[in-house]
Amino acid sequence: MTETDTDAALSYEQARDELIDVVRRLENGGITLEESLALWERGEELARICERWLQGARERLDAALAGEDAEAVRAGAASEADGEGPAAAG
């Protein structure tokens with residue numbers, strides 16, 4: 001099963017909520033094997049969509065934290081140059 005344009009437009013929350021529904025339907029049973037397989041495949045695709053969203057969020061967070069770390073290093077270096085940092089205290 002391939003991702004459709006509609007799937008690509010799903011937000012994380014939409015994909016997660018649909019995945020929850022798929023899991024509930026599978027757990028409740030009472031459906032044919034064919035329906036179960038179709039639901040399983042849909043669930044796998046929704047899980048991949050959620051994983052892509054989470055990976056993107058992780059990358060954005062890592063980039064933001066790396067930027068903050070670099071800014072802290074620059075600020076620390078500037079303080080030391082001004083005689084305010086740890087090197088100046090010694």
Side-chain angles (χ1 to χ4, degrees):
M1 186 175 224
T2 59
E3 184 176 347
T4 64
D5 290 337
T6 303
D7 287 347
L10 287 176
S11 69
Y12 170 79
E13 291 79 7
Q14 290 169 321
R16 181 203 58 210
D17 290 347
E18 187 178 342
L19 180 57
I20 290 168
D21 183 55
V22 165
V23 170
R24 281 189 191 131
R25 291 174 61 192
L26 285 168
E27 288 176 342
N28 287 337
I31 55 177
T32 66
L33 176 60
E34 189 63 33
E35 290 170 321
S36 294
L37 289 172
L39 282 172
W40 180 270
E41 290 171 346
R42 180 63 180 157
E44 289 289 325
E45 182 59 35
L46 291 165
R48 281 191 287 277
I49 292 168
C50 288
E51 183 58 34
R52 281 194 296 274
W53 274 107
L54 292 172
Q55 182 61 36
R58 246 182 245 116
E59 290 169 3
R60 289 174 61 191
L61 181 58
D62 289 345
L65 290 174
E68 286 180 8
D69 289 346
E71 184 61 34
V73 168
R74 283 192 294 274
S79 294
E80 288 179 18
D82 292 340
E84 298 174 9

Sidechain N-carboxylate O distance under 4.0 Å for Arg16, Asp21: no

Look at Arg74 together with Glu71 and state whether they make a salt bridge at an N to O cut-off of under 4.0 Å. yes

Is there a chain of hydrophobic side chains (I, L, V, M, F, W, Y, each step under 4.5 Å between heavy atoms) that links Ile31 to Ile20? no

Using the rule given for side-chain hydrogen bond (donor to acceptor under 3.5 Å, both in side chains), can you reason through Gln55 versus Arg58, listing the C-alpha separation, both sets of side-chain angles and the distance that settles it, and then say yes or no? CA-CA 5 Å; Gln55 182 61 36; Arg58 246 182 245 116; 2.8 Å; yes

Would you give the length of the straight line joining atom CG of Asp17 to atom OG of Ser11, rounded to the nearest 0.5 angstrom? 8.0 Å

Under the criterion side-chain contact (heavy atoms from CB on, under 4.5 Å), I'd like the reasoning laid out for Asp7 against Arg42: C-alpha separation, chi angles, the key distance, then a yes or no. CA-CA 10 Å; Asp7 287 347; Arg42 180 63 180 157; 2.8 Å; yes

In Å and rounded to the nearest 0.5 Å, what is the CZ to CG distance from Arg24 to Leu39? 13.5 Å

Are Leu37 and Val23 co-members of a hydrophobic cluster defined by side-chain heavy atoms under 4.5 Å apart? no

Going through the checks in order, is the salt bridge (charged side-chain N to carboxylate O under 4.0 Å, His left out) test met by Arg25 and Glu35? CA-CA 10 Å; Arg25 291 174 61 192; Glu35 290 170 321; over 6 Å; no

Once you round to the nearest 0.5 Å, how far does OH of Tyr12 lie from CG of Leu46? 11.5 Å

How close do Gly43 and Leu19 get, counting heavy atoms only, and between which atoms? O-CD1, 3.5 Å

Hey, is Arg48 close enough to Glu45 for a salt bridge, meaning N to O under 4.0 Å? yes

Please report the interatomic distance CG(Asp62) to CD(Glu59), rounded to the nearest 0.5 Å. 8.0 Å

Rounded to the nearest 0.5 angstrom, the CZ-CG distance for Arg52 and Leu10 is 10.0 Å

